[in-house]
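When a residue number appears, it is its place in the shown sequence, counting from 1. Everything numeric in this text was worked out from a predicted model, so none of it was measured.
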Amino acid sequence: MKKFLLIVLIFSLNYFNGISATKYSHGTPTNEEQFILELINRARANPQEEAQRVINYSDSYVQSEINKIGKSLIVSQFSTYPKRPPLAFNAQINVAAKVHSQDMSDKDYQDHTGTDGSTPFDRMNKAGYTGWQGAGENIFAASQGPEYAHISFLVDWGAENQAKLGHRQNILNFTGTVFTEVGISGLVAPRKSATGPYVCTEDFGLKSERFVLGVVYNDKNGNKFYDPGDGIPDVLITLSSGNYEALTSSSGGYAIPINNLGGSITIKAEGNGLGGIITQNFSASGENVKVDFTSALAGAVSLETPKNLIQIDSTNINFKWYKSNKATSYLFELADDQDFLGTCFKSYY
């Protein structure tokens, strides 16, 4: 009887974890590239709030360009833009974006046409992202950094850019095609005549696939937003239905296809640094959905270093843990057995 109950328990657990599920990878974006995606998706979720961040961005050069356009005009324009579903990273588009950023950096130029004569669409096709229904590209080869590039694309300064607002359209999709996937390359590069110190390429795509996506992170500064370095890698993300699961990439992000799924779905995250298994629910309705997980949970404390289940040969060990939002003190207890019957050390912090 015990054997039968054990088999049933394991079967049920593996069914949720998707023992036959295919692991989906959204690629290997860097911390900064994940950060840019978070900025993009924040803007898509609420263009009106993003307008305030744009006009108050604290860079003197950007402010001078904003003032030429007029802050009131930017706010007025953004007030008409609809909310759009979040974008999911796509591994193939990521490759296309990285190829172009590297080419611009190496050859010191800024243009949508590569030195081999390729267009953005050629590069996406070559990387394997074929059969798309819509595509676009943003480039800034002489940006100052990730957030600078994001704000610059949204401002879209210069007479030609202001006439078209193409960079802004690619991010916010306020008219025409509504993209679902993206590839981002942020490359730190030597300052040259036309490029550096940060070369940024954003490639956008639309296919029939839809995703649940997000980022798993430790909110180290308590700002309730992902910052570079916050991501928690190798967290298993599983769904209560569907054929896919995912491991978070090195920057903490993930994406899972949810085509043909509908209604309420339970999504689960489990892995080191979370403070336990976390489940949430979301509704699948034919559009991309964003579900984030953070380790800064009330009442949950998790060990950051050393990692769980590793062998340590040194007797000099530094312990570091993620704090709980509601904890005012901590009890640290060290034992030489898993039941904590032989306590070696105990201290309050």
Side-chain angles (χ1 to χ4, degrees), residues 29-44 47 50-51 53-69 74 77-78 87 89-90 93-115 118-124 135-174 179 181-205 228 251:
T30 66
N31 293 339
E32 290 73 23
E33 290 159 358
Q34 184 71 52
F35 178 54
I36 292 174
L37 179 59
E38 298 308 304
L39 296 175
I40 288 174
N41 283 335
R42 182 180 68 183
R44 290 170 68 90
E50 195 69 13
R53 299 185 184 97
V54 168
I55 64 174
N56 291 306
Y57 184 64
S58 59
D59 178 87
S60 59
Y61 183 81
V62 173
Q63 279 297 316
S64 68
E65 295 299 329
I66 289 174
N67 289 331
K68 292 175 186 177
I69 299 167
I74 293 175
Q77 290 170 334
F78 275 64
L87 299 176
F89 268 129
N90 177 278
I93 310 181
N94 280 340
V95 170
K98 290 179 185 298
V99 165
H100 194 52
S101 283
Q102 192 66 59
D103 189 47
M104 288 193 293
S105 176
D106 291 344
K107 306 298 173 55
D108 192 24
Y109 74 98
Q110 177 175 281
D111 201 292
H112 291 289
T113 301
T115 53
S118 64
T119 67
F121 317 115
D122 294 331
R123 292 187 290 272
M124 292 168 71
E137 182 176 78
N138 289 344
I139 56 171
F140 192 0
S143 174
Q144 299 301 307
E147 190 171 15
Y148 186 102
H150 171 71
I151 296 293
S152 301
F153 288 141
L154 290 178
V155 174
D156 235 347
W157 64 68
E160 183 178 351
N161 288 334
Q162 278 293 294
K164 298 178 180 178
L165 296 179
H167 301 96
R168 190 187 298 178
Q169 162 62 21
N170 280 339
I171 291 175
L172 298 179
N173 303 155
F174 48 84
F179 296 125
E181 297 179 270
V182 69
I184 299 172
S185 172
L187 177 65
V188 177
R191 189 71 175 96
K192 300 178 183 177
S193 60
T195 58
Y198 196 78
V199 182
C200 185
T201 300
E202 298 174 347
D203 286 331
F204 303 85
S251 55

_Thr201: which residues meet the side-chain hydrogen bond (donor to acceptor under 3.5 Å, both in side chains) condition with it, sequence neighbours left out?_
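Thr201 satisfies side-chain hydrogen bond (donor to acceptor under 3.5 Å, both in side chains) with Ser101 only.
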With Ser118, which residues qualify under side-chain hydrogen bond (donor to acceptor under 3.5 Å, both in side chains), at least two apart?
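Once residues adjacent in sequence are excluded, the partners of Ser118 under the side-chain hydrogen bond (donor to acceptor under 3.5 Å, both in side chains) criterion are Asp116, Arg123.
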Give the minimum heavy-atom separation between [X] and [Y], together with the two atoms involved.
X: Ala141; Y: Met104; result: CB-SD, 4.3 Å
X: Cys200; Y: Ile36; result: SG-CD1, 4.1 Å
X: Gly205; Y: Met124; result: CA-CE, 4.3 Å
X: Gly136; Y: Phe121; result: N-CE2, 4.3 Å
X: Ile55; Y: Ile66; result: CA-CD1, 4.0 Å
X: Val54; Y: Ile74; result: CG1-CG2, 4.4 Å

Do Ser64 and Asn67 have side-chain N/O donor and acceptor atoms under 3.5 Å apart?
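No - no donor-acceptor pair under 3.5 Å links their side chains.
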Fill in: Short side-chain donor-acceptor distance under 3.5 Å, His150 and Glu50
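Note: Glu50 and His150 side chains meet the donor-acceptor criterion.
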Could you state the interatomic distance from [atom1] ([X]) to [atom2] ([Y]), rounded to the nearest 0.5 Å?
X: Leu37; Y: Arg42; atom1: CG; atom2: CZ; result: 12.0 Å
X: Asn41; Y: Ile171; atom1: CG; atom2: CD1; result: 10.5 Å
X: Asp203; Y: His112; atom1: CG; atom2: NE2; result: 9.5 Å
X: Asp59; Y: Glu65; atom1: CG; atom2: CD; result: 10.5 Å
X: Tyr57; Y: Ser152; atom1: OH; atom2: OG; result: 7.0 Å
X: Lys107; Y: Gln102; atom1: NZ; atom2: CD; result: 10.0 Å

Heavy atoms, side chains only, cut-off 4.5 Å: are [X] and [Y] in contact?
X: Gln34; Y: Pro228; result: no
X: Phe89; Y: Val182; result: yes
X: Glu33; Y: Lys98; result: yes

Checking the side chain of [X] only, and the main-chain atoms of [Y] only, is there a donor and an acceptor separated by less than 3.5 Å?
X: His100; Y: Thr119; value: no
X: Asn94; Y: Ser185; value: no
X: Asn161; Y: Gly166; value: no

Please list all pairs passing the salt bridge (Lys or Arg N to Asp or Glu O under 4.0 Å) test where one or both residues lie in residues 153-163, with sequence neighbours left out.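 Matches after skipping sequence neighbours: Glu160-Lys164.
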Partner of Leu154 by side chain to side chain contact (heavy atoms under 4.5 Å, CB included), out of His167, Arg168, Arg53:
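Among His167, Arg168, Arg53, the one meeting side chain to side chain contact (heavy atoms under 4.5 Å, CB included) with Leu154 is Arg168.
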Next on the checklist: Using side chain to side chain donor-acceptor pair (under 3.5 Å), reason through Asn31 and Ser251 one step at a time and then give a plain yes or no.
Outcome noted: CA-CA 5 Å; Asn31 293 339; Ser251 55; 4.9 Å; no
Between Glu32 and Tyr198, is the side-chain contact (heavy atoms from CB on, under 4.5 Å) condition met? List the steps.
CA-CA 11 Å; Glu32 290 73 23; Tyr198 196 78; 3.6 Å; yes
### Task
Could you give me the CA-CA distance, side-chain angles and deciding distance for Asp106 and Thr115, then say whether side-chain contact (heavy atoms from CB on, under 4.5 Å) is met?
CA-CA 10 Å; Asp106 291 344; Thr115 53; over 6 Å; no
By ring-ring contact (aromatic ring centres under 6.0 Å, His included), which residues pair with [X], not counting sequence neighbours?
X: Phe174; result: Tyr81
X: Phe35; result: none
X: Tyr109; result: none

Pair Phe78, Leu172 - check side-chain contact (heavy atoms from CB on, under 4.5 Å), show working. CA-CA 10 Å; Phe78 275 64; Leu172 298 179; 3.7 Å; yes
- Passes side-chain contact (heavy atoms from CB on, under 4.5 Å), Glu202 versus Asn170? Steps please. CA-CA 9 Å; Glu202 298 174 347; Asn170 280 339; over 6 Å; no
Using 30° and 60° as the class limits, which term best fits the ring planes of Phe179 and Phe204: parallel, tilted or perpendicular?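 Ring orientation, 0 to 90° scale: parallel.
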